[in-house]
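Not measured: the values here are computed from a predicted model. So you know, we letter chains A, B, ... as the sequences are listed, proteins then strands, and number each from 1.
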Protein chains: 2
Amino acid sequence: MKAPKIQRDQVIRAALDLLDQEGLDGLTLRKLALVLDIQAPSLYWHFSGKQALIDAMADALVMNVVLPQGPDQAWDSRLRQIAAALRQALLKHRDGARVFAGTYVVSDNVLRINESMLEAFALAGVDLSRASTYSFSVLYYILGFVMEEQALGPHGEFDVASRKSAFEELAKRSYPRNFAAREAIFSTDFDARFSTGLELIIAGVKQQASETESKAAPSLTTAEGGASSAKRRSARRG
Amino acid sequence: MKAPKIQRDQVIRAALDLLDQEGLDGLTLRKLALVLDIQAPSLYWHFSGKQALIDAMADALVMNVVLPQGPDQAWDSRLRQIAAALRQALLKHRDGARVFAGTYVVSDNVLRINESMLEAFALAGVDLSRASTYSFSVLYYILGFVMEEQALGPHGEFDVASRKSAFEELAKRSYPRNFAAREAIFSTDFDARFSTGLELIIAGVKQQASETESKAAPSLTTAEGGASSAKRRSARRG
DNA sequence: ACCTGAACACCGTTCAAGT
DNA sequence: ACCTGAACACCGTTCAAGT
């Protein structure tokens with residue numbers, strides 16, 4: 001909390017560089033020490049162990065995630081912005097999603113992002129308890145999605161072509177819907193897929209909000225009504 | 001594919017037993033060999049490597065997941081059944097979700113489960129391409145949820161109490177919504193939380209289905225209309 | 001405050017060889 | 001077809017000691 005964080009940050013930066021070169025499985029304290037021109041045990045002065053290092057890397061990954069600021073942005077566009085920014089941050093480093101998923105860090109940056117999601121849900125008219133489980137759902141979605149995106153990517157840990165042919169052989173035999181969906185399942189248009197899944201969640205929030213609302217004011221019937229009235233009351237509350 | 005799978009299955013069973021005792025991080029080929037009364041290198045006759053073993057374990061985990069069968073069950077209740085069965089299967093063994101998440105297995109059982117989800121979405125009136133990304137979303141949700149559930153559980157890898165107090169200290173200072181939501185965030189009523197998140201997804205499907213439908217038949221306006229009309233055409237299609 | 005040297009107790013995997 | 005013995009090339013971590 002004091003001043004001399006300069007050394008510690010150097011270690012984290014070097015670790016993220018090494019991560020890009022070697023991947024998470026190749027990230028080793030000995031290799032990291034080599035890069036830093038020190039001996040491996042020296043790292044234990046900076047971090048209590050490898051997991052603490054990885055926790056710090058996870059926090060650094062999401063450090064620069066830009067969150068919505070203005071009070072006049074609708075809740076759904078806020079959510080889209082947060083999700084996109086988080087995904088991009090995870091994509092920025094090889095195995096980023098795996099690094100982040102392995103560690104349930106309670107860090108400044110994690111809470112900062114979560115706060116912004118809770119705000120968005122509040123604007124949508126979702127109560128706080130629901131909002132907190134919703135934000136977990138969004139997080140799970142993003143992590144799961146990007147983990148798979150990175151596993152299939154250029155540095156991915158497995159061979160897409162052989163995987164696809166194994167899938168097709170199995171699906172063709174016994175699982176007609178899987179077979180029919182094979183192109184969609186192996187689509188590499190990740191932007192489109194990410195958006196489709198995110199919109200599913202957003203649609204769910206709208207639907208839930210409209211249900212809650214119609215109990216309070218039963219005259220509003222459509223989901224559209226619920227969503228736009230939530231937007232209407234979006235003034236401020238911080 | 002022939003007959004002598006008896007030995008291979010013994011290895012997998014022993015591995016799952018060992019997993020329960022040692023956790024995924026403690027699961028070692030040497031320990032497994034000891035339990036089986038053989039030497040570690042012998043395992044390489046049965047599996048090409050540790051990852052192949054874990055893939056087989058992941059498949060075994062979901063082997064007995066019971067899927068909806070009757071033609072007269074509504075799509076949403078199907079989805080709830082699949083999700084609950086999958087969660088229970090992952091919970092059955094220590095670190096089950098981590099085992100499953102680490103491996104993007106293309107196995108019989110995975111496709112079987114996915115086929116059932118695709119069926120459910122088809123009954124909801126979702127086209128196949130969307131359905132395939134929706135089923136991934138559901139999978140990500142379940143995996144993320146259970147991973148956290150198990151990380152916080154009795155064998156969990158970290159201390160909940162110290163985590164909570166770290167959270168509270170940070171949240172109290174700068175993140176009012178996180179602080180206000182602290183009880184919900186650290187709630188251990190996992191059944192309720194799981195259901196809340198799943199219902200969010202189900203609500204999203206309803207909303208999306210009603211939107212798609214209102215393009216085709218603009219007279220139906222409410223989300224309820226979309227959902228129930230989807231149920232109406234739920235005859236059969238296999 | 002920061003780092004080293006040496007060691008401990010492990011890993012997954014390979015491979016020639018046994019039966 | 002199934003297993004062993006011996007070895008290789010690593011790991012994370014501890015700890016007394018140095019500066």
I'd like a table of donor-acceptor pairs (distance under 3.5 Å, sequence neighbours excluded) in which one partner is a side-chain atom from residues 45-65 of chain B, with atom names and distances.
residue, atom, partner, partner atom, Å
B:K50, NZ, B:L27, O, 2.9
B:Q51, NE2, B:D55, OD1, 3.0
B:D55, OD1, B:T103, OG1, 2.7
B:D59, OD1, B:S107, OG, 2.4
B:D59, OD1, B:N109, ND2, 3.3
B:D59, OD2, B:N109, ND2, 3.4

Please round to the nearest 0.5 Å and tell me the distance separating atom OG of B:S132 and atom CD of A:E183.
10.5 Å
If I pick the C1' atom on C:dC10 and the same atom on D:dC8, what distance separates them, to the nearest angstrom?
15 Å
Near-strand residues of residues 27-41 of chain B, defined as heavy-atom separation under 4.0 angstrom from DNA chain C
B:L27, B:T28, B:L29, B:R30, B:K31, B:P41
Spacing of A:S165 atom OG and A:R182 atom CZ [to the nearest 0.5 Å]:
12.5 Å
Quick one: stems involving DNA chain D, counted as three or more successive Watson-Crick or G-U pairs, both distances short of 3.5 Å.
C:4-8 with D:12-16, C:12-16 with D:4-8
Provide the full list of salt bridge (Lys or Arg N to Asp or Glu O under 4.0 Å) pairs with a residue in residues 134-145 of chain A, sequence neighbours left out, each pair given once.
none
For residues 99-117 of chain B, pull every pair meeting salt bridge (Lys or Arg N to Asp or Glu O under 4.0 Å), keeping only residues two or more places apart or in separate chains.
none
If you take any heavy atom closer than 4.0 Å to DNA chain D, which residues from residues 100-107 of chain B end up in contact?
none
Output yes when A:R80 and A:D76 qualify as a salt bridge under the 4.0 Å nitrogen-oxygen rule, no when they do not.
yes
Run the ring-ring contact (aromatic ring centres under 6.0 Å, His included) test against B:Y44 and tell me which residues pass, sequence neighbours left out.
none
State whether the side chain of A:T196 and the backbone N or O of A:A192 hold a donor-acceptor pair below 3.5 Å, judged by distance alone.
yes
Side-chain ion pair, B:K92 and B:D20, N-O less than 4.0 Å
no
With a 4.0 Å heavy-atom cut-off, tell me which residues in residues 14-25 of chain B come close to DNA chain D, sorted by residue number.
none
Separation between the P atoms of C:dC2 and D:dA17, rounded to whole Å:
22 Å
So, OP1 or OP2 of C:dC3: does either fall under 4.0 Å of a side-chain N or O from A:Q7?
yes
At a heavy-atom distance below 4.0 Å, what parts of residues 42-57 of chain B sit against DNA chain D?
B:S42, B:W45, B:H46
What's the shortest heavy-atom distance between A:A85 and A:V66, and which atoms?
CB-O, 3.8 Å
If you look only at pairs with a residue in residues 79-121 of chain B, which of them pass as a ring-ring contact (aromatic ring centres under 6.0 Å, His included), with sequence neighbours excluded?
A:F158-B:Y104, B:F121-B:Y134
A:F167 meets the ring-ring contact (aromatic ring centres under 6.0 Å, His included) criterion, sequence neighbours left out, with A:F186
Are the side chains of B:L90 and B:L143 in contact, using a 4.5 Å heavy-atom criterion?
yes
Rounded to the nearest 0.5 Å, how far does OG1 of A:T133 lie from CG of A:L128?
11.0 Å
Mind checking ring-ring contact (aromatic ring centres under 6.0 Å, His included) for B:F194 and listing every partner two or more places apart, or none if nothing turns up?
B:Y141, B:F145
